[in-house]
Amino acid sequence: MKVGDVPAVPEWLAGHLREDGIEELYPPQAAAVERGVTEGESLVASIPTASGKTLIAELAMLASVARGGTALYIVPLRALASEKQREFEQFEAYGLTVGVSTGNYESDGDWLATCDIVVATSEKVDSLVRNGAGWLDDLACVVADEVHLVDDAHRGPTLEVTLAKLRQLNPSLQTVALSATIGNAAEIADWLDAELVDSDWRPIDLRTGVHYGQALHFDDGDTRELAVRSSERPTAAIARETLDEGGSTLVFVNSRRNAEAAAKRLAGVTGEALTPDEEERLETVAEEIREVSDTETSDDLAACVERGAAFHHAGLARDHRSLVEGAFRDRLIKLVSATPTLAAGVNTPSRRVVVRDWRRYDGTVGGMAPLSVLEVHQMFGRAGRPGLDPYGEALLLANSHDELDELFERYVWADPEAVRSKLAAEPALRTHVLATVASGFAGSREGVLEFLDRTLYAAQTTEPGRLEHVTDNVIDYLVVNDFLERTGDDLTATSLGHTVSRLYLDPMSAAEIVDGLRGASAPTAMGLYHLVCRTPDMYELYLRSGDREEYTMLAYERESEFLGAMPSEFEDGRFEEWLSALKTARMLEDWASEVDEERIAERYGVGPGDVRGKVDTAEWLLGAAERLAGELDMGVAPAVREARVRVQHGVKEELMDLAGVRGVGRKRARRLFDAGVETRADLRAAEKPVVLAALRGRRRTAETVLENAGREDVSMEGVTPDPDAAPAESSPAPAEREGTGEDQSSLGDF
DNA sequence: ATGGTCAGTTTTTAGACAGCATGTC
DNA sequence: CTAAAAACTGACCAT
């Protein structure tokens with residue numbers, strides 16, 4: 001089908017696509033159009049990555065917008081939200097507006113309502129529904145990206161329930177669900193009353209195979225020799241061969257440590273094949289990586305990048321990740337070894353993909369569990385960059401002839417699993433039943449069940465009564481904990497229940513927090529950190545060998561600070577979990593005591609990304625706790641607020657005022673304080689030379705800071721730093737270079 | 001005393017959404 | 001009930 005033949009889309013679209021070199025639709029896209037996506041028909045597209053899913057979504061959304069409606073694009077990750085935003089902004093030239101809404105970044109609320117296309121995470125959409133965002137009622141088209149994630153036990157139910165709610169709000173809503181190739185796409189289409197496009201078509205060839213011994217065995221029966229030098233690992237041989245052909249390699253492994261170790265080892269391979277120009281540009285990237293954070297992880301990563309390799313996992317800071325992704329896309333980094341983060345995240349295709357580890361540790365089964373076919377195929381799907389590589393190759397590694405056969409059987413020739421709803425689990429229902437009642441979708445047990453009947457779970461279940469049973473348990477729990485009120489057959493949310501639903505808290509977290517705060521009169525920061533850390537919304541740090549003793553001691557030492565009873569040391573599982581929460585809480589305490597990032601990372605054996613992640617979650621939960629304390633008039637709200645602000649800025653109590661000034665973080669606040677400028681008010685009255693010295697002589701920074709503190713005369717013109725007030729540090733601030741302009745020297749501050 | 005190698009033993013194990021109101025070095 | 005690689009430990013040997 002030619003781009004000009006697509007019905008019901010804006011007139012400019014065909015021309016726009018031709019400008020991008022698109023004359024003809026890919027077969028799955030053409031099929032989608034034939035099924036009526038541009039004419040408002042709902043559709044499930046189960047097709048491989050990189051086979052043009054985004055354009056299908058765009059066709060549907062643009063056609064909807066052309067008819068005067070609004071379109072919503074739901075993504076599973078925040079990083080994908082910004083990626084899609086950038087992609088859709090190409091249409092702003094034609095007068096469309098694009099907005100984003102995620103937990104950490106949101107377009108202005110009023111503006112969002114006027115947008116033609118909104119990109120949001122599934123949790124954010126759920127939250128918008130709970131908070132009654134009016135514009136959702138006028139939605140014409142919703143696109144659910146990566147819809148196979150409804151299979152995810154933790155986050156799948158949210159997507160499932162959200163789609164059901166949107167469709168109930170607006171029965172004529174067009175639903176476009178994009179999925180990886182899955183075993184039961186027809187069933188999903190059935191659930192969504194949608195047409196189906198189910199195809200394996202890819203724009204560039206993907207060869208999959210298994211490496212064993214000195215050969216690569218491909219799915220089409222082809223075999224090719226691969227010389228593995230003695231004492232060389234297969235992955236290294238594959239990477240070397242790919243490099244010789246001018247391609248890049250993406251290696252998937254099953255742990256962070258493996259990712260780092262493999263990158264270090266394979267940097268030996270990539271390091272040999274760099275041009276001087278590449279070396280220079282890599283050096284720049286490495287430098288940027290070191291600037292992101294002063295930790296071992298950061299140094300290790302930079303050392304790998306200098307030699308053309310990198311590792312990628314969730315312990316990396318956000319900026320680390322995007323630097324690696326960017327340099328890999330630019331073909332500067334030749335090899336990335338990654339945990340599954342990269343398979344699910346932003347688009348990072350590579351000539352070759354090696355799935356080195358096909359088993360992963362899984363505590364729930366007590367050992368290594370094989371990856372699902374779906375996951376492995378998703379990783380395979382990263383092979384081959386359309387328009388850049390002649391083909392893509394994806395390989396598994398076998399250590400024996402039997403394993404060779406098994407891998408073919410299990411992954412290469414296997415069809416992906418069916419996607420199954422995970423809604424009927426108590427933790428999932430706890431939060432969704434409360435939200436369903438609180439936001440008025442149901443007003444009784446029957447109403448709740450009626451609503452749940454619209455979900456995929458109901459469409460799939462073969463176990464009659466199970467959902468009903470779990471729902472009853474959950475309703476009882478919610479009533480007992482005062483989130484719901486039952487009068488006769490009617491269910492209504494209490495004011496507490498409404499608050500919890502709007503705060504997006506797991507009711508169990510809320511119950512734990514309320515419980516802990518009730519018994520407290522003057523909680524310490526540690527007590528509060530521990531309280532939020534043992535909540536199901538916080539993912540705790542892992543206890544390592546020796547930690548049990550260490551934290552048991554700490555527990556007794558600071559026994560008086562903890563809110564609520566400490567479980568008995570002999571009550572096994574509970575105590576361990578309580579200690580994990582303590583470890584996490586102490587990390588937060590360190591952070592809020594101005595311990596530097598490097599030291600924290602080392603002390604707790606985590607990466608900079610983990611520190612930021614925990615801090616963010618704690619900030620959110622403490623904010624929620626503050627609201628709950630206020631709601632219940634508990635008088636501890638100021639203490640909670642203090643704990644929250646300290647975590648937010650990573651400062652001790654005395655710096656809270658200063659760190660609240662825009663442009664002043666934990667480091668600047670500390671330097672100002674030590675120079676005698678102790679409060680925001682001091683900042684307005686302080687001697688300029690003192691302020692300037694505390695801010696390491698950066699004039700522009702000093703002016704901005706003073707302005708943000710509300711000072712009138714901010715000019716630092718002609719002011720010289722007071723040498724007596726200069727921070728006494730081991731490495732003195734770099735003096736402003738002679739001859740360079742003011743502006744240039746302040747660049748380093750941002 | 002120091003350092004390197006090697007084999008056997010112990011340890012460890014993926015990911016990342018959300019409130020609210022504005023900003024780090 | 002299930003694994004595998006890295007990190008650690010200690011013996012042994014050469015300097």
Side-chain angles (χ1 to χ4, degrees), chain A residues 75-79 81 101-106 109 120-128 130-131 149 152 154-155 158-159 252-262 265 291-294 313-315 318 338-345 356-363 365-371 375 399 431 499-506 509 537-539 542-546 596-597 605 609-610 612-614 616-617 619-628 644 648-651 659-671 695-696 698 701 704 708 748-750:
Chain A
V75 290
L77 294 164
R78 296 199 283 229
S101 182
T102 66
N104 72 145
Y105 177 75
E106 184 160 22
T121 53
S122 35
E123 282 77 9
K124 188 65 192 194
V125 178
D126 187 19
S127 168
L128 289 168
R130 293 184 190 193
N131 288 289
L149 291 174
D152 182 282
H154 188 220
R155 300 183 52 208
T158 303
L159 178 57
F252 285 108
V253 298
N254 65 2
S255 76
R256 292 177 179 190
R257 219 162 43 178
N258 285 346
E260 297 191 14
R265 214 172 35 236
E291 272 169 32
V292 170
S293 125
D294 194 10
H313 59 65
R318 295 210 67 77
T339 56
T341 3
L342 208 62
R356 196 193 76 179
D357 304 330
W358 56 278
R359 281 186 279 230
R360 182 169 54 221
Y361 178 82
D362 178 352
V365 295
M368 301 298 272
L371 300 184
E375 276 175 289
N399 289 315
T431 172
T499 305
V500 170
S501 171
R502 274 187 281 110
L503 288 172
Y504 213 79
L505 276 183
D506 182 332
S509 297
D537 276 308
M538 175 69 89
Y539 194 84
Y542 185 86
L543 282 187
R544 298 194 295 185
S545 74
D596 52 14
E597 200 187 13
D610 300 296
R612 290 302 329 175
K614 295 286 178 294
D616 274 359
T617 309
E619 206 182 309
W620 165 54
L621 287 170
L622 287 165
E626 194 183 331
R627 288 282 296 273
L628 288 174
R644 195 206 80 218
Q648 182 185 346
H649 300 297
V651 295
V661 176
R662 186 198 307 207
V664 180
R666 61 198 315 231
K667 302 206 169 154
R668 285 176 185 169
R670 175 48 64 192
R671 283 200 295 269
L695 295 173
R696 300 170 165 235
R698 302 271 160 69
T701 309
T704 314
N708 292 334
D749 277 19
F750 294 95

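In what follows, every chain begins at residue 1, and chains take the letters A, B, ... in the order their sequences are listed. These figures come from a predicted structure and were not determined experimentally.
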Novice: Of the options A:T431, A:D152, A:D126, A:L149, which is the one that meets A:T158 in a side chain to side chain contact (heavy atoms under 4.5 Å, CB included)?
Specialist: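 Per the side chain to side chain contact (heavy atoms under 4.5 Å, CB included) rule, the option paired with A:T158 is A:D126, out of A:T431, A:D152, A:D126, A:L149.
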Novice: Taking heavy atoms of chain A and a 4.0 Å limit, find me the 5'-most and 3'-most nucleotide of DNA chain C within that range.
Specialist: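 Nucleotide range with atoms under 4.0 Å of chain A: C:dT2 to C:dA7.
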Novice: Is there a side-chain contact between A:T617 and the phosphate of B:dA18, meaning an N or O under 4.0 Å from OP1 or OP2?
Specialist: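 For B:dA18, OP1/OP2 do not have a side-chain N/O of A:T617 under 4.0 Å.
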Novice: Hey, which sits more toward the 5' end of DNA chain B by its nearest nucleotide, A:R627 or A:G660?
Specialist: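 Going by which nucleotide is closer to the 5' end, it is A:R627.
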Novice: Measuring from atom CZ of A:R155 to atom OG1 of A:T121, what distance do you get when rounded to the nearest 0.5 angstrom?
Specialist: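 Reported value, rounded in 0.5 Å steps: 7.5 Å.
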Novice: As an exercise, state the distance from CG of A:N258 to CZ of A:R265, rounded to the nearest 0.5 Å.
Specialist: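 Rounded to the nearest 0.5 Å, the CG-CZ separation comes out at 8.5 Å.
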Novice: With rounding to the nearest 0.5 Å, note down the distance linking CG in A:L621 to CE in A:M538.
Specialist: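 It comes to 5.5 Å.
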Novice: Tell me whether the side-chain N/O atoms of A:H154 come closer than 4.0 Å to OP1 or OP2 in B:dA16.
Specialist: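 No, because none of the side-chain N or O atoms of A:H154 sits under 4.0 Å from OP1 or OP2 of B:dA16.
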Novice: So, does A:R130 use its side chain to make a donor-acceptor pair with the main chain of A:S501 at under 3.5 Å?
Specialist: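 Pair found, side chain donor or acceptor close to backbone of A:S501.
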Novice: Quick one: A:L503 CG to B:dA21 P, roughly how many Å, whole number?
Specialist: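 Rounded to whole Å, this separation is 11 Å.
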Novice: Would you tell me if any nitrogen or oxygen in the side chain of A:R318 comes within less than 4.0 Å of OP1 or OP2 on B:dA16?
Specialist: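 No.
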Novice: Look only at the side chain of A:R256 and the backbone of A:H313, and say whether a donor-acceptor pair between them is shorter than 3.5 Å.
Specialist: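 Side chain of A:R256 to backbone of A:H313, a donor-acceptor pair under 3.5 Å: no, none is there.
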Novice: Name the nucleic acid region contacted by A:V75, choosing base, sugar-phosphate or nothing; use a 4.0 angstrom heavy-atom cut-off, strictly under.
Specialist: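 Nothing: the residue A:V75, judged by heavy atoms under 4.0 Å, touches no strand.
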Novice: Report the nucleotide, chosen from B:dG19, B:dA18, B:dG15, that has the shortest atom-to-atom distance to any side-chain atom of A:A314.
Specialist: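 Output: B:dG15.
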Novice: Name the nucleic acid region contacted by A:G650, choosing base, sugar-phosphate or nothing; use a 4.0 angstrom heavy-atom cut-off, strictly under.
Specialist: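 Answer is nothing: A:G650 stays at 4.0 Å or more from every strand.
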Novice: Rounded to whole Å, how long is the line connecting atom CZ of A:R670 with atom P of B:dT24?
Specialist: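 So the CZ-P distance, A:R670 to B:dT24, works out to 16 Å.
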Novice: Got a donor-acceptor contact below 3.5 angstrom from the A:T617 side chain to the A:G613 backbone?
Specialist: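 Yes; judged by distance alone, with no hydrogens or angles, the pair exists.
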Novice: Counting the atoms with a prime plus P, OP1 and OP2 as sugar-phosphate, which does A:N254 contact under 4.0 Å by heavy atoms, base, sugar-phosphate, or nothing?
Specialist: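 Sugar-phosphate: the residue A:N254, judged by heavy atoms under 4.0 Å, touches backbone atoms but no base.
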Novice: Using a 4.0 Å heavy-atom cut-off across all strands, classify A:L77 as base, sugar-phosphate, or nothing.
Specialist: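 Here A:L77 touches the backbone only, sparing every base.
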Novice: What's the CZ-P distance between A:R612 and B:dA16, to the nearest Å?
Specialist: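 Nearest whole value for this atom pair: 16 Å.
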Novice: So does A:K614 get a side-chain nitrogen or oxygen closer than 4.0 Å to the phosphate oxygens (OP1/OP2) of B:dA16?
Specialist: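 No, because none of the side-chain N or O atoms of A:K614 sits under 4.0 Å from OP1 or OP2 of B:dA16.
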Novice: Compare the aromatic ring of A:W620 with the six-membered base ring of B:dA18 and state whether they stack according to the 5.5 Å and 30° rule.
Specialist: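 Base of B:dA18: stacked against A:W620.
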Novice: Considering every strand and a 4.0 Å limit on heavy-atom distances, what is the contact class for A:G613: base, sugar-phosphate, or nothing?
Specialist: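 A:G613: no heavy atom of the nucleic acid under 4.0 Å.
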Novice: Please list, chain by chain and in numerical order, all residues satisfying salt bridge (charged side-chain N to carboxylate O under 4.0 Å, His left out) with A:R257, sequence neighbours excluded.
Specialist: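 A:R257 satisfies salt bridge (charged side-chain N to carboxylate O under 4.0 Å, His left out) with no residue once adjacent residues are dropped.
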Novice: Any side-chain N or O of A:R666 under 4.0 Å from OP1/OP2 of B:dC25?
Specialist: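 Checking B:dC25 against A:R666, no side-chain N or O comes under 4.0 Å of OP1 or OP2.
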Novice: What's the spacing between A:S101 OG and A:L128 CG if we round to 0.5 Å?
Specialist: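 CG of A:L128 is found 5.0 Å from OG of A:S101.
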Novice: Under 3.5 Å, is there a donor-acceptor pair between the side chain of A:N708 and the main chain of A:V661?
Specialist: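 Between the backbone of A:V661 and the side chain of A:N708 there is no qualifying donor-acceptor contact (under 3.5 Å).
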Novice: Distance between the P atoms of B:dA14 and C:dA5, in whole angstroms?
Specialist: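 To the nearest whole Å, 15 Å.
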Novice: Need one value for A:A624: base, sugar-phosphate or nothing, where a base atom within 4.0 Å counts as base even if backbone is also close, heavy atoms only.
Specialist: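 It contacts nothing in the nucleic acid.
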Novice: Would you mind classifying the nucleic acid contact of A:A659 as base, sugar-phosphate or nothing, using non-hydrogen atoms under 4.0 angstrom?
Specialist: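 Sugar-phosphate, backbone atoms only, no base.
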Novice: Reckon A:R256 has a side-chain N or O less than 4.0 Å from the OP1 or OP2 of B:dG15?
Specialist: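 Answer yes for this pair, as a side-chain N or O of A:R256 is under 4.0 Å from OP1 or OP2.
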Novice: Spell out, as yes or no, whether a donor-acceptor pair under 3.5 Å connects the side chain of A:D506 to the backbone of A:D537.
Specialist: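 Between the backbone of A:D537 and the side chain of A:D506 there is no qualifying donor-acceptor contact (under 3.5 Å).
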Novice: State whether A:T339 places a side-chain N or O below 4.0 Å from either non-bridging phosphate oxygen (OP1 or OP2) of B:dG15.
Specialist: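 Checking B:dG15 against A:T339, a side-chain N or O does come within under 4.0 Å of OP1 or OP2.
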Novice: Answer with base, sugar-phosphate or nothing: what part of the nucleic acid does A:D152 contact at a heavy-atom distance below 4.0 Å?
Specialist: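 The residue A:D152 makes base contact.
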Novice: When the distance from NE2 of A:H313 to P of B:dG15 is rounded to whole Å, what number comes out?
Specialist: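 Going from NE2 in A:H313 over to P in B:dG15 covers 7 Å.
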Novice: If I take atom CG in residue A:D362 and atom P in nucleotide B:dG15, what distance separates them, rounded to the nearest angstrom?
Specialist: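 Going from CG in A:D362 over to P in B:dG15 covers 14 Å.
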Novice: State which of B:dA16, B:dG19, B:dC25 makes the closest approach to the side chain of A:Y539.
Specialist: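 Minimum distance to the A:Y539 side chain belongs to B:dA16.
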Novice: Mind checking the CZ-CZ spacing from A:R668 to A:R698? Nearest 0.5 Å is all I need.
Specialist: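 Going from the CZ atom of A:R668 to the CZ atom of A:R698 covers 8.0 Å.
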Novice: Tell me: CD of A:E619 to P of B:dA21, nearest whole Å?
Specialist: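 For the pair A:E619 CD and B:dA21 P, the rounded distance is 14 Å.
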Novice: Under the ring pair (Phe, Tyr, Trp, His ring centres under 6.0 Å) test, which residues partner A:H649, sequence neighbours left out?
Specialist: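 Per chain and number, A:H649 pairs via ring pair (Phe, Tyr, Trp, His ring centres under 6.0 Å) with no residue.
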Novice: Could you check how far CG of A:L149 sits from P of B:dA14, rounded to whole Å?
Specialist: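 Taking atom P of B:dA14 as the reference, CG of A:L149 is at 19 Å.
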Novice: State the dot-bracket string of DNA chain C. Criteria: Watson-Crick or G-U wobble, both atom distances under 3.5 angstrom; notation: ( ) intrastrand, [ ] crossing earlier pairs, | interstrand, . unpaired.
Specialist: ..|||||||||||||
Novice: Within the structure shown, what part of the strands sits under 4.0 Å from A:R359 by heavy-atom distance: base, sugar-phosphate, or nothing?
Specialist: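 If one applies the 4.0 Å heavy-atom cut-off, A:R359 turns out to touch the sugar-phosphate alone, with no base involved.
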Novice: For the side chain of A:R662, starting at C-beta, report the closest nucleotide among B:dG23, B:dG19, B:dA14.
Specialist: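 For the A:R662 side chain, the nearest candidate turns out to be B:dG23.
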Novice: Strictly under 3.5 Å: I want the nitrogen or oxygen pairs between protein and nucleotides 6-12 of chain B, one per line.
Specialist:
residue	atom	partner	partner atom	Å
B:dT12	OP2	A:S545	N	2.9

Novice: Please identify each residue that fulfils salt bridge (charged side-chain N to carboxylate O under 4.0 Å, His left out) with A:E260, with sequence neighbours left out.
Specialist: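 Here no residue qualifies.
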Novice: Nearest whole angstrom, please: distance from the C1' of B:dT24 to the NZ of A:K667.
Specialist: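 Going from NZ in A:K667 over to C1' in B:dT24 covers 10 Å.
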